[in-house]
K.L.:
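Can you read through this structure? Questions will come right after.
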Amino acid sequence: MTLIRIRMQLFSILLFSLLNFIVGANATAAEPPGIDLLFVGDAMQHQAQLDQALLEGDGKRYDYSKCFTLIAPIVTEADYAVCNLEVPLGGGPRYSGYPCFSAPDSYAEALRDAGFDMFLTSNNHCLDSGDKAARRTLTALDNLGVDHIGTYHDAARREQLIPFIKDIKGFKVGFLNYTYGTNGISPREGMEVALIDRDKMRREIKATREAGAEIICVAIHWGVEYVLTENANQRAIADFLKDEGVDLIIGGHPHVIQPMKVVRNERENKDVLVVYSLGNFISNMKTTDTRGGALVKVRLERDEAGKAIFKNAAYDLFYSAKPTGKGSNFMVIPSSLSDRIPAAERSHWIMFENSARRIFDKYNEKVDQLN
């Protein structure tokens, strides 16, 4: 009798182990190990945004705590989130909007608290308040504990900090950031801005790959403002980056959305994501196509050989709502919560959404809306 019980117990243990193995294998097959990256476009700071933030802070501080509360759950859900900080953090006491931006540190702090891990600083407004403010921006971001790329204290520091490779749950992702220019403002005293220069980009991409990056992402400031499709120059640069082995090409600057496409690098037998423009993340711009923007969620996985690959991407839209008075602020509202858009702005949201979807439906290739 005792021997029978022992045999039955052993059989139960073996059966339980086998079932666990089957369930585990199925779960692994259904959900391959991977990570999600999230990108948004231009984080602007116009004078009306400054004025409202100061009002919300009772005239004593600039309060942005309400700006990103609705979008934050989507941002924090990603394993790593990136935004374009298109303002220097000038340090005050005075701040300014267009045409020469300067924003308080609390603006970047609110973006960080919303879940953004990396701030891009190479854009046409990075030198708006001079070299001192550009350098101060880097120090302020360091103090906030966030990653940042694109501008550097000097050329030596750029050499030291590139390659920038982030280990995200075991995936080694290299990030680079470049801009077409700085609105005609030249850096002084050695301040370094990463410009679109094919020779330098080629060297830095190569160095990033050789330093161990499994995936390379280039965030790039390019294109023509307010134009809803990419131009020949953007396509040529994208082809160059693709041929250099870049996996993700994420664009900004036009302040409106532009198409997203998955293209093929035949030489390396891999897919490459090209996002021409994500539009504005938050701003006080007023024309229909500038009132919102897109986010793109990028999935990285490992193939059967364990190699990291770009798997797929999907987009969603959001709207930058304006304040309705004291007690409110500019707010980024995802499409899933469009019922939270103030009634006075619903028509603007509908026009923005319809325009963006027309472009994406017509020109996107293998990049669909998030479910």
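Fair warning: this is a prediction, and the values are worked out from it, not measured in the lab.
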K.L.:
Residues in ring pair (Phe, Tyr, Trp, His ring centres under 6.0 Å) with Tyr80, at least two apart?
P.N.:
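Listed in chain order: Phe175.
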K.L.:
I need the single residue from Phe281, Tyr107, Phe68, Phe39 that forms a ring pair (Phe, Tyr, Trp, His ring centres under 6.0 Å) with Phe116. Which is it?
P.N.:
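Only one of Phe281, Tyr107, Phe68, Phe39 forms a ring pair (Phe, Tyr, Trp, His ring centres under 6.0 Å) with Phe116, namely Phe281.
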K.L.:
So among Leu241, Ile237, Asp239, Ile216, which one has a side-chain contact (heavy atoms from CB on, under 4.5 Å) with Ile249?
P.N.:
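When Leu241, Ile237, Asp239, Ile216 are each tested with Ile249, the side-chain contact (heavy atoms from CB on, under 4.5 Å) holds only for Leu241.
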K.L.:
Residues two or more places apart in sequence or in another chain: which of them pass ring pair (Phe, Tyr, Trp, His ring centres under 6.0 Å) with Phe171?
P.N.:
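Listed in chain order: nothing, the list is empty.
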K.L.:
Identify whether the distance between the nearest side-chain nitrogen and carboxylate oxygen of Lys132 and Glu189 falls below 4.0 Å.
P.N.:
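The answer is no: the pair does not qualify as a salt bridge.
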K.L.:
Does the pair Tyr62 and Gln45 meet the rule for a side chain to side chain donor-acceptor pair (under 3.5 Å), with working shown?
P.N.:
CA-CA 12 Å; Tyr62 290 84; Gln45 188 65 186; over 6 Å; no
K.L.:
Run the side-chain donor-acceptor check on residues 123-130: report pairs under 3.5 Å with partners two or more places apart or on a different chain.
P.N.:
from, atom 1, to, atom 2, distance (Å)
Asn123, OD1, His125, N, 3.0
Asn123, OD1, Cys126, N, 3.1
Asn123, ND2, Asn84, OD1, 3.2
Asn123, ND2, Leu85, O, 3.0
Asn124, OD1, His221, NE2, 3.0
Asn124, OD1, His253, ND1, 3.4
Asn124, ND2, Asn183, OD1, 3.1
His125, ND1, Asp128, OD1, 3.3
His125, ND1, Asp128, OD2, 2.7
Asp128, OD2, Phe101, N, 2.9
Ser129, OG, Phe101, O, 2.8

K.L.:
Under the salt bridge (Lys or Arg N to Asp or Glu O under 4.0 Å) rule, what pairs show up with a residue in residues 75-87, not counting sequence neighbours?
P.N.:
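Pairs touching residues 75-87 that pass the test: Glu77-Lys297, Asp79-Lys169.
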K.L.:
With sequence neighbours excluded, tell me which residues meet side chain to side chain donor-acceptor pair (under 3.5 Å) with Glu365.
P.N.:
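Partners of Glu365 by the side chain to side chain donor-acceptor pair (under 3.5 Å) criterion come out as none, since no residue qualifies.
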K.L.:
Side-chain donor-acceptor pairs under 3.5 Å in residues 87-96, sequence neighbours left out?
P.N.:
from, atom 1, to, atom 2, distance (Å)
Tyr95, OH, Gly92, N, 3.4
Ser96, OG, Cys100, O, 2.5

K.L.:
Output every pair passing side chain to side chain donor-acceptor pair (under 3.5 Å) with a member in residues 269-279, not counting sequence neighbours, ordered by first then second residue.
P.N.:
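Listed once each, the pairs are Asp247-Lys270, Arg264-Asn269, Arg264-Asp271, Glu268-Lys270.
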K.L.:
Do we see a donor-acceptor contact under 3.5 Å between the side chains of His148 and Asn177?
P.N.:
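Absent: no donor and acceptor within the cut-off.
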K.L.:
List in chain and number order the residues that pass ring pair (Phe, Tyr, Trp, His ring centres under 6.0 Å) with Tyr152, two or more places apart in sequence or in another chain; answer none if no residue qualifies.
P.N.:
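Residues passing ring pair (Phe, Tyr, Trp, His ring centres under 6.0 Å) with Tyr152: none at all.
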K.L.:
Just to verify, what does Arg157 make a side chain to side chain donor-acceptor pair (under 3.5 Å) with, not counting sequence neighbours?
P.N.:
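Only Gln160 meet the side chain to side chain donor-acceptor pair (under 3.5 Å) criterion with Arg157.
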K.L.:
Do any pairs count as a salt bridge (Lys or Arg N to Asp or Glu O under 4.0 Å) and have a residue in residues 33-45, sequence neighbours left out, and if so which ones?
P.N.:
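For residues 33-45: Asp36-Arg299.
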K.L.:
Which residues satisfy the side chain to side chain donor-acceptor pair (under 3.5 Å) test with Gln49, sequence neighbours excluded?
P.N.:
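Testing Gln49 for side chain to side chain donor-acceptor pair (under 3.5 Å), a comparison that skips the adjacent residues, returns His46.
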K.L.:
Please list all pairs passing the salt bridge (Lys or Arg N to Asp or Glu O under 4.0 Å) test where one or both residues lie in residues 216-229, with sequence neighbours left out.
P.N.:
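The answer is none; no pair qualifies.
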